[in-house]
Amino acid sequence: MTFEELGLRREVLKSLTELGFEAPTPIQEQAIPYLLGEDCDFVGLAQTGTGKTAAFGLPLINNIDNKARLPQGVIICPTRELCLQITKDLNVFAKYLDGNITAVYGGTDIRTQITNVKKGTSIVVATPGRLVDLINRKVVQLGQIKYVILDEADEMLNMGFKEDIDMILEQTPIDKNVWLFSATMPNEVARIARTYMTDPLEVSIGHKNQSNENIEHIYFSVKERDRYDAVKRLIDFNPTIYGLIFCRTKNETATVAMKLARDGYNAEPLHGDLTQAMRDRVMERFRSKELQILVATDVAARGLDINNITHVINYNLPDDIENYTHRSGRTARAGKTGQSLVLVNTRENVKIKAIERQMRMTFTQGQIPNPAEICEIQLKKLIDNTIATEVKEADIAPFMEQILDSFKDLSKEEVIKRFVSAEFNRFIEYYERAGDLNAAASKDDRERPERKTDRQSRAREEGKTRFFVNLGRRDGLNPGAMVRIICDATGLNSKALGRIDIMTSFSFIEADDEHTQKILKHVDGYEFEGHKVSIEVTAPGQGGGDRGERKFSKGPGSKRGPGSFGGAKKPGFDRKPGFEKKGGFEKKGGFDNKRSGGFDRDRSYGAKKNKY
């Protein structure tokens, strides 16, 4: 099937021809004719990189009145990067139409966006928070909206935008069309479909929550302390890598990127603390391949639409399995192949099986390359680059006599050895004392993970302090959010954190003993989605499900009024006024094995249609 057969307007087809688009992808082939043909609600489930933007963008610009001054279509997406990417794509699709498409997103001057909206716009592309702000200011009016598109709906809900999405949808006319696109279909996404859609058509490319089959998934078992060295080996073993490294927190992202840059790798971070100008600069360098490695958080990397990414490296597994789908989907786009590499410690192997079950795919266990393998790869790269080097005959000719005279006492073989060694010696020197980074694990640990009794599983890990937090699932808290709260408030690395238990109305988290005072000082009072965090230390042997009385202490001089845990004081909670000071925060610096240098750095899909 071709785009001409889908029924698109002549002006839109002209734009697609200039872009070189010939045949629609499976999701486009299934979605576009239906969305063009009738007023309808629609659910499209497909992996990242399968062409979802064109699947909803082409019928949207085809259907609306492009000369309207009030918006007829609104597209809601989770991040400013995705917001800008969608706006850019729609402007290209609508090149020969007179419509005005406006992007509104946080992190930049709202006054400019207000001016742009007031000039008149037919389509608004927005992040939830900024759109709510503009609605409350009565700048964006949704009374004439005909189409609402929710892109990356699962990720928006993971990021805590449920209330914002509900508020926006309630402001739109009852007879609007709602088109929902998502890579996965968790319960909250299904709730939106039930609440705001009428008999929607579902088109699923592959199975729900299924990974792109063009991606090879490989996991490596390493010791916790060897994660960074293992990442360097994976990069060195793939000298032509053009990839993303995913970390859990902003602090970890900045640290890994800084270490890589100091060790000579062409890498920069992308996280929420960067200004919009800095983010734009980093993304421009990465898109142009001036930058070879981008180290990013899950949130910052949402919406990156970059082709030819060869590898995704998971420095840590994400807290939510659905996030692994989004991470790995950054590679193998537009029918290409790619690899998703995962570093796990020996206790995390069970998580690999959980991902396999939910995503209906299989991981291969890999081995971190040994020094000899890396040196062989790097030597071949050096030789290939030397052979491919362009010789500027006219420029070098005046110096050839001197050069040949300098080498006259050396044989051809000796000259080659010296030229190769000049670049290659640093790899030899770096890896000559390097050992095996593959962690020794039970050969059966994936098939038969060790089972612990309730008492063992709830026991406090040695060297850890267990904290009580007053927020839980009903407050929008999940393990990933808990890690972000602690790390962002204190500047600690996620390695300092341990077991996390999220209950309905409260939670528990463990952290290294030495950081107790820092966590109590900086996390208490931290704002999370409109809630004030209150944190206390649990008494030894208590908290997280043990029977009997739970006891807490909050530190010397602490004051707390009734209800600070989200309600009145609960029976059975005897909170002590003090705690035992457990050392200080030991800051570690420096790098082991620091080195300089670095490197130069169709399968058809089945479609399924179901009625809700």
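Keep in mind that what you see is a predicted model, and the values were worked out from it rather than measured.
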Handout entry: Smallest separation among heavy atoms of Pro128 and Met156, with atom names
Key = CG-SD, 3.8 Å
Handout entry: Within 45° cone of Tyr526 ring axis and under 6.0 Å: Lys532 NZ or CZ
Key = no
Exercise for the section: Please check if the side chain of Tyr228 supplies one atom and the backbone of Lys259 the other of a donor-acceptor pair under 3.5 Å. Expected result: yes
Handout entry: Backbone N/O of Leu82 and side chain of Thr79: donor-acceptor pair under 3.5 Å
Key = yes
Practice task
Inspect the contact between Arg191 and Glu188 and indicate whether a charged nitrogen and a carboxylate oxygen are less than 4.0 angstrom apart.
Solution key: yes
Handout entry: Intermediate values then yes/no, side-chain hydrogen bond (donor to acceptor under 3.5 Å, both in side chains), Glu252 and Asn316
Key = CA-CA 10 Å; Glu252 187 174 65; Asn316 289 290; 2.9 Å; yes
Fill in the blank from the handout: Scanning both residues in full, the closest heavy-atom pair of Leu234 with Phe220 reads CD2-CZ, 3.8 Å
Exercise for the section: Kindly give the heavy-atom pair with the smallest separation between Gly366 and Asn438, and that separation in Å. Expected result: O-OD1, 4.2 Å
Handout entry: Validation row: Glu356, His217 side chains within 4.5 angstrom (heavy atoms)
Key = no
Practice task
State whether a side-chain donor-acceptor pair under 3.5 Å links Thr346 with Ser221.
Solution key: no
Practice task
Look at the side chain of Arg473 and the backbone N and O of Ile502, then say whether any donor-acceptor pair between them is shorter than 3.5 Å.
Solution key: yes
Handout entry: Side chains of Leu244 and Val295 in contact at under 4.5 Å (non-hydrogen atoms)
Key = no
Completion exercise
Separation between OG1 (Thr331) and CD1 (Ile309), nearest 0.5 Å, reads 6.5 Å
Handout entry: N/O donor-acceptor pair under 3.5 Å between Glu373 side chain and Asn370 backbone
Key = yes
Handout entry: Side chain to side chain, Arg281 and Glu268, heavy atoms closer than 4.5 Å
Key = yes
Handout entry: Distance in Å, Arg474 CZ paired with Ser505 OG, rounded so as to fall on 0.5 Å steps
Key = 4.5 Å
Problem - Check: Cys77 main-chain N/O paired with Asp151 side-chain donor or acceptor under 3.5 Å - result: no
Practice task
Please tell me if the side chains of Leu294 and Ile245 come closer than 4.5 Å, counting only heavy atoms from C-beta onward.
Solution key: no
Exercise for the section: With the side chain counted from C-beta on, respond yes when His271 and Asn251 share a heavy-atom pair under 4.5 Å apart, and no when they do not. Expected result: no
Handout entry: Donor-acceptor side-chain pairing of Glu536 and Asn470 below 3.5 angstrom
Key = no
Exercise for the section: Report yes if some heavy atom in the side chain of His531 is under 4.5 Å from a heavy atom in the side chain of Glu527; otherwise report no. Expected result: no
Handout entry: Full working for salt bridge (Lys or Arg N to Asp or Glu O under 4.0 Å) between Asp166 and Lys162
Key = CA-CA 6 Å; Asp166 286 337; Lys162 174 180 176 294; 3.6 Å; yes
Handout entry: ring-ring contact (aromatic ring centres under 6.0 Å, His included) partners of Phe286, counting only residues at least two apart
Key = Tyr242
Completion exercise
In terms of heavy-atom contacts, Val222 and Ala230 come closest through CG1-CB, 4.0 Å
Practice task
Please examine the side chains of Glu81 and Tyr105, heavy atoms only from C-beta on, and report whether any two atoms are closer than 4.5 Å.
Solution key: no
Problem - Arg499 and Asp501 ion-paired at < 4.0 Å - result: yes
Practice task
Give the intermediate values and the outcome of side-chain contact (heavy atoms from CB on, under 4.5 Å) for residues Phe467 and Leu520.
Solution key: CA-CA 9 Å; Phe467 298 88; Leu520 290 172; 4.1 Å; yes
Problem - Note, Leu180 side chain near Ser182 side chain (heavy atom, < 4.5 Å) - result: yes
Exercise for the section: Return the set of residues passing salt bridge (Lys or Arg N to Asp or Glu O under 4.0 Å) with Lys250 (not counting sequence neighbours), or none when no residue passes. Expected result: Asp273, Asp488
Exercise for the section: Kindly state whether the ring of Phe468 and the ring of Phe506 have centres lying under 6.0 angstrom apart. Expected result: yes
Handout entry: From CD (Glu216) to CE (Met361), nearest 0.5 Å
Key = 10.0 Å
Problem - Non-neighbouring partners of Asp109 that pass side chain to side chain donor-acceptor pair (under 3.5 Å), sequence neighbours left out - result: Arg111
Problem - Residue pair Val537, Arg466: steps toward the side-chain contact (heavy atoms from CB on, under 4.5 Å) verdict - result: CA-CA 6 Å; Val537 175; Arg466 192 164 178 81; over 6 Å; no
Practice task
Please name the residue in the list Asn314, Leu341, Thr364, Asn349 that meets the side chain to side chain contact (heavy atoms under 4.5 Å, CB included) test with Tyr219.
Solution key: Asn349
Problem - Straight-line distance of Ser328 OG to Ile215 CD1, nearest 0.5 Å - result: 4.0 Å
Handout entry: Spatial distance of atom CD1 (Ile293) from atom CD1 (Ile235) [nearest 0.5 Å]
Key = 4.5 Å
Problem - Side-chain donor/acceptor of Arg357 to backbone N/O of Ile352, under 3.5 Å - result: no
Handout entry: Under 3.5 Å donor-acceptor, Asp475 side chain and Leu477 backbone
Key = no
Practice task
Starting at CG of Leu270, measure out to CG of Leu274 and round the result to the nearest 0.5 Å.
Solution key: 6.0 Å
Fill in the blank from the handout: The salt bridge (Lys or Arg N to Asp or Glu O under 4.0 Å) partners of Asp164 (sequence neighbours excluded) come to none
Practice task
Say whether, by atom type as modelled, one donor and one acceptor occur between the side chain of Asp524 and the main chain of Ile535 under 3.5 angstrom.
Solution key: yes
Exercise for the section: Report yes or no: does Thr516 contribute a side-chain atom to a donor-acceptor pair with the main-chain N or O of Asp513 at less than 3.5 Å? Expected result: yes
Problem - Residues which pass side chain to side chain donor-acceptor pair (under 3.5 Å) with Asp512, listed by chain and number, not counting sequence neighbours - result: Lys464
Practice task
Just do the side-chain contact (heavy atoms from CB on, under 4.5 Å) check on Asp226 and Leu343 with the steps written out, would you?
Solution key: CA-CA 10 Å; Asp226 292 330; Leu343 298 177; over 6 Å; no
Problem - Donor-acceptor pair, side chain of Thr127 and main chain of Gly129, under 3.5 angstrom - result: no
Handout entry: Exercise: do His326 and Asp154 side chains pair donor with acceptor under 3.5 Å
Key = yes
Handout entry: Ala254 to Pro269 - nearest heavy-atom pair and separation
Key = CA-CB, 4.3 Å
Handout entry: side-chain contact (heavy atoms from CB on, under 4.5 Å) assessment of Arg233 paired with Leu437
Key = CA-CA 9 Å; Arg233 288 202 188 182; Leu437 297 186; 3.6 Å; yes
Problem - For Glu348, all residues meeting side-chain contact (heavy atoms from CB on, under 4.5 Å), sequence neighbours excluded - result: Arg227, Arg248, Val344, Asn345, Lys351
Handout entry: Heavy-atom closest contact (Arg285 atom, Asn266 atom, distance)
Key = NH2-OD1, 3.8 Å
Exercise for the section: May I ask you to check whether Tyr324 and Phe363 place their ring centers less than 6.0 Å from one another? Expected result: yes
